[in-house]
Amino acid sequence: MREPEAESIPVPIAPAPAPTCDHVDVPVVPAEAAPAASRDHVDLSHGTFHAAVIGAQYNYASAPTPVTPADTWPQLRAVRRLTLGIRPARRFGDEPTLPPYVRRDTDDLLDRIVEERLRTGGLVVVTGEPLSGKSRTAWASLRRVGGGIRTRVHNAQPGTDLRGLPTALRGRDRSGNHVVWLDDLEGHLGEQGLTAGLLAQCVHEGVLVLATMRDAAYDDRRFGDGPTARVLSGASTVQLTCHWSEAELARLDEAADPRLVDARRHRGTLGVTQFLAVGPELWEEWLRAGRSLARKRGHQLVRAAVDLARCGVTAAVPLEPLTTLTGPWLDEALEWAVRPRLGTVGLLVRGEETGTWRASGPLVADALRSPDLSPLKHDQWLSAVREAHKHSPDDFDDVVRAGRAALRALGEAGDGNAMNTLGVLAGLAEDHTDARFWYERLADRSKTWGTFLFGQYLAGRGEHAEAIRYYEAAAEAGNPVAVQDIGPLLLIHAEHWLARAAEAGSQSAAAQLTALREALADIPATVEE
């Protein structure tokens with residue numbers, strides 16, 4: 001009697017074990033020993049089934065990238081700050097790479113949290129606006145409480161495979177601290193980055209994960225029930241802002257580093273950390289634009305505003321004194337110049353009055369400290385004086401004073417343009433002794449123009465008799481302007497004496513004065529009285 005055939009019972013396929021954060025052991029079959037393809041297995045990589053299921057073959061993701069053993073990580077004091085996401089500041093001298101750290105109001109809270117997590121392990125995230133100083137603040141806290149040589153740091157770049165961390169931490173020296181640094185944490189979240197499971201293992205190992213994250217990125221990922229929300233829900237956070245409190249600004253005032261002094265003076269509406277971060281970007285782009293045909297006009301537009309600021313004009317001015325560009329060229333240059341860099345400020349910024357502009361504070365600060373910009377010329381100082389008189393009267397005296405100091409060496413070396421400008425500036429400062437000194441030197445140097453300019457200065461002060469002498473000398477030397485102006489000057493001088501005679505009772509002088517004044521009314525004024 002035939003026995004009934006055994007009932008065929010399907011064999012369930014066991015799910016592939018989830019890879020741990022530690023490692024994944026994938027058996028390797030030597031190529032020469034691999035069996036020939038058959039129709040009695042499941043190849044999950046192609047999703048095909050062949051005949052009865054008697055086994056399964058799994059294709060795993062790549063193995064974790066190894067992380068160096070924790071006891072070989074760099075010591076805290078040996079880590080270079082610029083590798084941590086901290087932006088460099090501009091240097092024009094022998095200053096250190098970064099200015100001294102100025103304590104923020106949140107530092108005491110952050111220090112307490114970091115100190116606790118160094119003992120217990122866990123995730124600490126410093127959040128804040130862009131360029132609010134998150135990386136510098138987090139690192140400064142770790143340096144204060146981290147124990148120096150007793151602390152080792154693994155600086156992971158965004159996108160780094162972190163799955164090998166548990167293996168790297170095994171067997172480490174537990175008498176010290178081990179810290180995982182994750183700048184811009186949003187770039188470290190994901191299956192191969194920081195997961196809830198990996199964070200739990202770091203906590204179990206007593207490892208501090210110190211991270212930074214922009215507010216917007218944190219808010220996008222923190223809330224909900226997704227995997228990144230589960231990671232961030234266990235974090236201790238401290239929030240920074242670009243706006244500095246009065247207490248923080250008071251601490252800034254105590255700093256002597258020239259870059260921090262610049263931040264106090266030139267930051268305008270920018271935060272201190274924004275000012276320090278965006279400065280190098282503005283400076284390099286502006287300099288490179290000067291060597292680019294496509295951006296040459298924009299560079300020159302900004303240069304005019306920078307030079308006004310170098311002269312001491314702090315107010316915004318209309319475009320007319322800054323450029324001769326018109327139409328599409330001006331529109332293109334201005335559009336490039338005002339575009340915000342790093343989301344903060346452009347090379348030019350709008351003034352308080354419509355249609356006025358000034359160079360941005362970080363650019364001005366760097367221009368004032370740069371040894372590479374050419375000295376300001378005499379005509380630039382005269383232009384700055386005019387603009388200060390019209391738009392920035394509070395700066396007028398400072399601009400005049402700065403121009404006199406800047407041009408004195410050139411004047412003493414015999415530069416005629418510098419001598420003339422020094423005479424003008426001294427006159428504006430009501431220092432007529434110094435003004436006469438420079439005009440006399442100029443007249444000795446140039447009979448044609450120097451004598452004329454001295455005569456013009458004297459006529460402006462009402463010293464007509466002496467002015468006529470220099471006008472005549474200039475006219476005799478062939479100065480065409482002196483030839484044109486000496487006649488009206490002589491008439492003005494004659495009016496002066498006729499008026500004196502008329503006051504003394506001379507009837508003929510009074511009649512001549514009336515006729516002269518009628519004639520002078522028809523003569524365009526060419527000589528300053």
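Not measured: the values here are computed from a predicted model.
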Who passes salt bridge (charged side-chain N to carboxylate O under 4.0 Å, His left out) against Arg469, sequence neighbours left out?
Glu466
Of Thr421, Val424, Val400, the one forming a side-chain contact (heavy atoms from CB on, under 4.5 Å) with Val385 is Val400
Once side chain to side chain contact (heavy atoms under 4.5 Å, CB included) is applied, do any residues pair with Lys390, and if so which ones, sequence neighbours excluded?
Glu387
Step-by-step side-chain hydrogen bond (donor to acceptor under 3.5 Å, both in side chains) determination, Ser446 to Thr448:
CA-CA 5 Å; Ser446 170; Thr448 304; 5.2 Å; no
Quick test of your reading: applying ring-ring contact (aromatic ring centres under 6.0 Å, His included), list the pairs with at least one residue in residues 293-325, sequence neighbours left out, ordered by first then second residue.
Trp286-His299
Could you tell me whether a side-chain N or O of Asn155 sits under 3.5 Å from a main-chain N or O of Thr83, the two making a donor and an acceptor?
yes
Going by the ring-ring contact (aromatic ring centres under 6.0 Å, His included) test, which pairs reach into residues 334-369, not counting sequence neighbours?
none
What pairs of donor and acceptor atoms, side-chain ones from residues 313-327 against any protein atom, are under 3.5 angstrom apart with sequence neighbours left out?
unit_1, atom_1, unit_2, atom_2, d
Thr314, OG1, Asp395, OD1, 3.3
Thr314, OG1, Asp395, OD2, 2.6
Thr323, OG1, Leu325, N, 2.9

For Arg221, enumerate each residue passing the side chain to side chain contact (heavy atoms under 4.5 Å, CB included) test, keeping only those at least two apart in sequence or located in another chain.
Glu186, Leu189, Met213, Ala217, Thr228, Leu232
Between Arg251 and Glu246, is there a side-chain N and carboxylate O pair less than 4.0 Å apart?
no
Does Arg103 count as lying over the ring of Tyr101, i.e. NZ or CZ under 6.0 Å from the six-ring centre, within 45 degrees of the axis?
no
Arg401 meets the salt bridge (charged side-chain N to carboxylate O under 4.0 Å, His left out) criterion, sequence neighbours left out, with Asp398
For Asp257, is there an ion pair with Arg259 - N to carboxylate O distance below 4.0 angstrom?
yes
Listed by chain and number, what are the side chain to side chain contact (heavy atoms under 4.5 Å, CB included) partners of Ala499, not counting sequence neighbours?
Leu513, Arg517
Residues in side chain to side chain donor-acceptor pair (under 3.5 Å) with Asp94, at least two apart?
none
Would you mind checking if Arg222 and Asp215 are paired as a salt bridge, meaning a charged N to carboxylate O distance below 4.0 Å?
no
With Arg358, which residues qualify under salt bridge (charged side-chain N to carboxylate O under 4.0 Å, His left out), at least two apart?
Glu352
With sequence neighbours left out, what residues match Leu109 under side chain to side chain contact (heavy atoms under 4.5 Å, CB included)?
Arg112, Ile113, Val238
State which residues pass ring-ring contact (aromatic ring centres under 6.0 Å, His included) with Phe452; sequence neighbours excluded, sorted by chain then number.
Trp449, Tyr471
Do Asp183 and Lys134 sit within salt-bridge range, that is, some charged N less than 4.0 Å from a carboxylate O?
no
